[in-house]
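Quick notes on the structure that follows.
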Amino acid sequence: MSGFKSDFLRVLDERGFIHQISDPAGLDEAAAKGPISGYIGFDATATSLHAGSLIQIMMLHWMQQTGHHPIALMGGGTSMIGDPSFKDEARKMLTLEDIERNLVGIRKAFSRYLDFDGSAKMLNNADWLTGLNYLGFLRDVGRHFSVNRMLSFDSVKLRLDREQSLSFLEFNYMILQAYDFVELNARHGTVLQMGGSDQWGNIVSGIDLGHRMRDVQLFALTSPLLTTSSGAKMGKTANGAVWLNGDLLSPYEFWQYWRNTEDADVERFLKLYTTLPLSDVARLAALGGSEINEAKKVLASEVTAMLHGREAAEQAAKTARATFEGGGAAEGLPTIEIPAAELAEGLGILNAFVRAGLAPSNGEARRQVKGGGLRVNDEVLTDERLTLTPDSLNAEGVVKLSLGRKKHVLLKAV
RNA sequence: GGGGAAGUGUCCCGAGCGGCAAAGGGGGCGGACUGUAAAUCCGCUGGCUAAGCCUUCGUAGGUUCGAGUCCUACCUUCCCCA
C-alpha cells in the first residue's frame, strides 16, 4: 500500500489513517496532479463533537496541510429529521435554531484544526436538502438506486439479519448521503469522500450516483473503525462522551483521557492524533515498561495543545503532575462552589459527592464508601454520615473530594 | 386482511411453576497488584429522609390477599399465508 506519489495519501498511509480506498492509483494520481476537494460528513445533533470524530477531523487537517481543499459537511438537513434508530427516547425534532447553535459550537472546535479563512470550508447539507422536491428527487436520483443492491449492503443486512426494524427514513439515509456527494461535486468539484470504515457502503453509493448522474469519477477513502486495544469505543467514558468543546469537558479532563491510553495504543494514537514527526513517534513508542508513561504524557499534551492551545495543555499537565506525583490539591482540578452558609450548617458528605458529580446518587456514593473508593482531602472516607463544615477546609481553603485514584474535584466555599 | 412468535433491571444480551428489587453474562465503577497501562483476582452495579419506604418487566385496564408471570384491549417488531 505504500509508494504513493501524492503527499496527501503518503501521510495518511504512514500515519495509519487508511483502511480502504476505492481506486488508490486513480486517487493518488489526482492528488499528485493538483489540489483536490474532499469532504467528511458530521452530525449536528450536539453542540460539540467528541473524541470519536477526532480521527476524521485529523484527516481533513492533513488534507489541508498537504495542499488540498477539505470540507467539513454538517448534517444539518438530516439532523432536522432526527435519527430514527433510537426510538425509545422521545425523539426530539431539532429545530433550525438548535442546529444553528450546534453548528456554532462545532465550528469552534473545527477551527483549531482547519483554516476556514484559507482553503477549508464548512458546509451544511440543509442548504440543498431542505428544498428538495419529493417527486423530482425520486425521478432524478431515486431511479438510480437498486433496492436489491441496497439490501445487500452490510449496514442494512445486519439490521435485517438481527430482525430489527429498519425504517424507510433510515433506508433513505444512504440515498441522501450519496446525493450530498454528487451535490458537492457539482458545487465545489469535490471528488473525495472520507469517513469511518462503516461508511464505506454509503460512500460507494455516492460514487455510483456520480457515475450515473454526472459521469464523473469520485473516490472513497475510509479510516479504520477506531477502538482501543481492549475493544472499547473511542471517545466514551463513564462520565459520558469525551467532548471537544472546553465548556463540556475541561482541558484537564481531556488531557487525562489521553494520559490513560493503554500501552498498546500509544504508538497508533501518536500517529493518528498528533502531528509529531514520525521519527519522534518511533522514539517515544520504543520506550518500554514504566517509561512509556512519558510517551503518554507527550500524547496527552500534544492532543490537548492542538485542541485547546499549548498553554491549556501545559496547565493540564501541571495539574496532573501535582495531583498524581505531588499528592497535593493542585489548582486546575475541576471545582464546584458551595455557598459558605450551607457549609456552615454542615453538608452531608454523600450529598457533597453527588454535587461534585463524582456519584450519580447518594446510594452510589454510599456504595463507594463501602468499597473504600472515596476520599476526602486524601483520607479514605469510612463514615458515610460525616458532615463537612468550615473546619473541613484544608490549608488551601478547599475540600478535595476523590473517587478512586483518578477523579478529583475541589469543593470551594463562596 | 388471516395465522403464529416476541417486547424483562431506560447501556447491551438474557433467565424467570402467581410471593420478585427479579438468575446469569457483557459492559461500567471501586478495591488489590502495578506504571494514572494491560492481564488477573475481589466487591459493587433501581431511588430515598434507609432494620423502613417508594418506583421498576411494551401501554392501559382486569382477575387475585398478592401479577414480570393469568385474562382483555392497544402499541411495536419478527415470521408464515393472502
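Values in this document were obtained by computation on a predicted structure and should not be read as measured data. Numbered from 1 within each chain, the chains take letters A, B, ... in sequence-line order.
Counting only heavy atoms from C-beta on, A:Gln368 has its side chain closest to B:G30 among B:U36, B:G35, B:G30. Nearest nucleotide to the side chain of A:Arg366, out of B:C29, B:U49, B:A32: B:U49. Listed candidates were B:C48, B:A38, B:G35. Nearest to the side chain of A:Glu262 is B:A38. Nearest nucleotide to the side chain of A:Lys407, out of B:G31, B:G47, B:G30: B:G30.
Using a 4.0 Å heavy-atom criterion, one finds that A:Glu291 contacts no nucleic acid atom at all. When heavy atoms are screened at a 4.0 angstrom cut-off, A:Lys370 is found touching no nucleic acid atom at all. Base engagement by A:Gly363 is indicated by at least one non-hydrogen atom pair under 4.0 Å involving a base atom. The residue A:Leu403 sits close only to the backbone: its heavy atoms come under 4.0 Å of sugar-phosphate atoms, none of a base. Among the heavy atoms of the strands lying under 4.0 Å from A:Arg259 is at least one base atom, whether or not backbone atoms are also near.
Legend: side-chain hydrogen bond (donor to acceptor under 3.5 Å, both in side chains) pairs involving residues 347-374 of chain A, not counting sequence neighbours, sorted by first then second residue: A:Glu342-A:Arg355, A:Glu364-A:Arg367, A:Glu364-A:Gln368, A:Arg366-A:Glu384.
Using a distance-only test at 3.5 Å, with no hydrogens or angles considered, a donor-acceptor pair links the side chain of A:Arg10 to the main chain of A:Phe4.
Using a 4.5 Å heavy-atom threshold, the side chains of A:Lys297 and A:Trp255 count as touching.
Taking atom CD of A:Glu294 as the reference point, atom C1' of B:A37 lies 14 Å away to the nearest angstrom. Nucleotide B:A38 holds its P atom 6 Å from the NZ atom of A:Lys406, rounded to whole Å.
The partner of B:A15 cannot be assigned: no Watson-Crick or G-U wobble pair with both contacts below 3.5 Å exists in any strand. If you check B:U72 for Watson-Crick or wobble pairing at under 3.5 angstrom, you find it paired to B:A60.
Contact between the side-chain N/O atoms of A:Arg367 and the OP1/OP2 oxygens of B:G47 is found at a separation under 4.0 Å. Contact between the side-chain N/O atoms of A:Asn351 and the OP1/OP2 oxygens of B:U49 is not found at any separation under 4.0 Å.
Spacing of C1' atoms, B:U8 relative to B:G16, comes out at 9 Å, to the nearest Å.
Nearest-nucleotide positions on RNA chain B for A:Asn260 and A:Gly404 put A:Gly404 closer to the 5' end. Toward the 5′ end of RNA chain B lies the nearest nucleotide of A:Lys297, the other residue of the pair A:Ser361 and A:Lys297 mapping further downstream.
Using cut-offs of 30° and 60° on the angle between ring planes, the pair A:Tyr179 and A:Phe137 is perpendicular.
At a cut-off of 3.5 Å, with distance as the only test, no side-chain donor of A:Thr190 or A:Asn185 sits close to an acceptor on the other residue.
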